Amino acid sequence: MGILGGGQLGLMMILEGRKLGVKFLVHDGDPQAPALSASDGRYIGDSWMELVNKSDIVTFEFEHVNPSAIKMAEEEGKLRPGSLTIRLKQDKIIEKSFLRDRGFSTPSFMVINNMDDVGRAIRRFGKVVFKVPRGAYDGKGQYYVMNGDGANGVPREFPLLAEEFVDIHREVSVILVRSSDGHVLTYPVTENHHYNGILLYSISPARIDDEIANRARELAIGLANTLDYVGVLTVEFFVTRNGEVLINEFAPRVHNSGHWTLMGAAVSQFENHIRAILGMPIGPTELL
Ligand code: ADP
């Protein structure tokens, strides 16, 4: 198996996949990337083509990997999951529009093309989160306008995504695994706590009503089916104080809010991702 991206999620995939007898090749631009040292073959810099050639199946542990590598792996029929999810994740405007157009509830949003639109968003939503659509993660590229404090901090680079500021009761994620024949298992809904935009700790199962947890699970399963997804998919939600369940974003990969599954679930998200994309039976996801 080839893994594009050599971060900690790739490292954990390798450690878990070894139990199944899988050999791993890893590509990363950075020779210090942690998964490289645990791999059976290291590919650095421009050598991704060789990795795709030598792998039977190619997956990724990060959605901002080399687009040429993704394209080649897909053309050779080796890429799992498919490139649709990667294309959606290149741009927050494309991702949110896809979700809305297919009927998934998200925070209300507008696409901002000029300073007039910035004013319109502030009038419409009152409290607004402006987001740079491309290349931002871990809460970077976000600008908050609260209580009419004007548009001064908002960058004049367009387009931007403007979202209503949501009164969040809890942030939760659903990690699920879907096999190529459409069988889906979800891990318990997990609640996530961030510090400076970075996940600090998670609690699973999340401290939310069963009814809300079931709604989140059903939305996540609906999204996986809509994407005809194979492998582990993570869907992040805002649960509002009014009990709404809104999709914030998804990650087409294993996720740091599921590190606990290494020892806390019967089969970890990492092992299940590998099982699903290799066409092996997927394993039980319940909390031990
Ligand atoms: P990233 O992709 O950089 O992680 P997100 O869009 O997931 O960015 O936002 C990061 C964090 O910012 C969220 O986990 C949440 O705490 C906060 N946030 C994002 N969008 C909103 C919103 N519309 N209303 C309130 N808080 C938000």
Side-chain angles (χ1 to χ4, degrees), residues 5 7-9 60-65 85-100 104-112 117-118 120-149 151 153-155 157 159-175 189-204 206-208 212 216 219-220 223 233-259:
Q8 58 167 335
L9 294 168
F60 43 89
E61 56 99 57
F62 183 52
E63 45 280 18
H64 299 289
V65 293
T85 56
I86 296 259
R87 288 198 301 276
L88 295 174
K89 287 305 296 183
Q90 297 308 308
D91 188 310
K92 284 180 196 284
I93 293 174
I94 295 176
E95 179 185 11
K96 281 266 151 60
S97 305
F98 176 90
L99 291 169
R100 182 182 59 189
F104 294 100
S105 45
T106 66
S108 299
F109 67 91
M110 286 169 57
V111 179
I112 302 297
D117 287 347
V118 171
R120 262 181 226 117
I122 294 172
R123 284 195 297 281
R124 175 168 164 203
F125 299 133
K127 299 178 182 177
V128 195
V129 186
F130 292 92
K131 298 183 180 180
V132 174
R134 297 182 80 93
Y137 59 92
D138 283 345
K140 297 184 177 82
Q142 290 193 355
Y143 304 87
Y144 288 75
V145 173
M146 308 294 275
N147 304 320
D149 46 358
V154 181
E157 10 163 322
L160 288 170
L161 176 69
E163 288 180 11
E164 65 170 322
F165 175 82
V166 177
D167 189 10
I168 299 171
H169 169 56
R170 290 227 189 281
E171 294 195 43
V172 302
S173 56
V174 174
I175 298 177
V189 181
T190 295
E191 108 184 35
N192 300 319
H193 296 267
H194 302 91
Y195 179 72
N196 283 346
I198 300 202
L199 182 65
L200 181 61
Y201 67 95
S202 296
I203 298 177
S204 195
R207 296 166 300 175
I208 53 176
I212 288 180
L219 282 165
L223 179 58
L233 173 73
T234 306
V235 187
E236 296 181 38
F237 297 91
F238 297 147
V239 177
T240 71
R241 294 200 190 275
N242 307 328
E244 289 171 297
V245 180
L246 307 174
I247 298 185
N248 173 33
E249 63 176 347
F250 65 88
R253 54 171 169 78
V254 291
H255 196 254
N256 54 358
S257 68
H259 284 341

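Remember, predicted model here, so these are calculated numbers, not experimental data. Numbering of ligands and ligand atoms starts at 1, following listing order.
- For the salt bridge (charged side-chain N to carboxylate O under 4.0 Å, His left out) with Lys131, the lone residue among Glu249, Glu95, Glu163 that qualifies is Glu163.
- Taking every heavy atom of Phe165 and a limit of under 4.0 angstrom, the matching atoms of ligand 1 come to 24 (N), 25 (C).
- Distances below 4.0 Å separate heavy atoms of Phe238 from the following atoms of ligand 1: 15 (C), 18 (N), 19 (C), 20 (N), 21 (C), 22 (C), 27 (C).
- The closest protein non-hydrogen atom to atom 7 (O) of ligand 1 is Asn248 ND2, 2.8 Å.
- Looking at Val235, Ile94, Ile247 one by one, the single match for side-chain contact (heavy atoms from CB on, under 4.5 Å) with Leu99 turns out to be Ile247.
- Neither the backbone nor the side chain of Phe125 comes within contact range of ligand 1; no heavy atom lies under 4.0 Å.
- Residue contacts with ligand 1, taken as heavy atom pairs separated by less than 4.0 Å, involve Val166 via backbone and side-chain atoms alike.
- Within ligand 1, counting atoms from 1 as listed, the ones closer than 4.0 Å to a heavy atom of Tyr144 are 12 (O), 17 (C), 18 (N), 27 (C).
- Considering only non-hydrogen atoms, atom 11 (C) of ligand 1 lies nearest to Gln142 out of His194, Lys89, Lys140, Gln142.
- Distance check, rounded to the nearest 0.5 Å: CG of Leu199 to CD of Glu236 gives 8.5 Å.
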*Any chance you could lay out the side chain to side chain donor-acceptor pair (under 3.5 Å) test for Asp167 and Thr240, step after step, and finish with the verdict?*
CA-CA 6 Å; Asp167 189 10; Thr240 71; over 6 Å; no
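- Checking side-chain atoms of Thr234 against main-chain N and O of Arg253 turns up a donor-acceptor pair under 3.5 Å.
- Ring planes of Tyr201 and His193: parallel class, angle under 30° (limits at 30 and 60°).
- The contact set between ligand 1 and Ile168, taken as ligand atoms under 4.0 Å from a residue heavy atom, comprises 25 (C), 26 (N).
- Remark: minimum distance from atom 2 (O) of ligand 1 to any protein heavy atom is reached at Lys92 NZ, 2.6 Å.
- Remark: Lys127 is not positioned above the aromatic ring of Tyr144, lacking an NZ or CZ atom under 6.0 angstrom from the ring centre and at most 45 degrees off the axis.
- At least one heavy atom of Lys131 sits less than 4.0 Å from an atom of ligand 1.
- By the criterion of a heavy-atom distance under 4.0 Å, the side chain of Glu171, and not its backbone, is placed next to ligand 1.
- In terms of protein heavy atoms, atom 3 (O) of ligand 1 is closest to Gly139 N, 2.6 Å.
- In this structure the side chain of Asn248 reaches within 4.5 angstrom of the side chain of Lys96, judged on heavy atoms.
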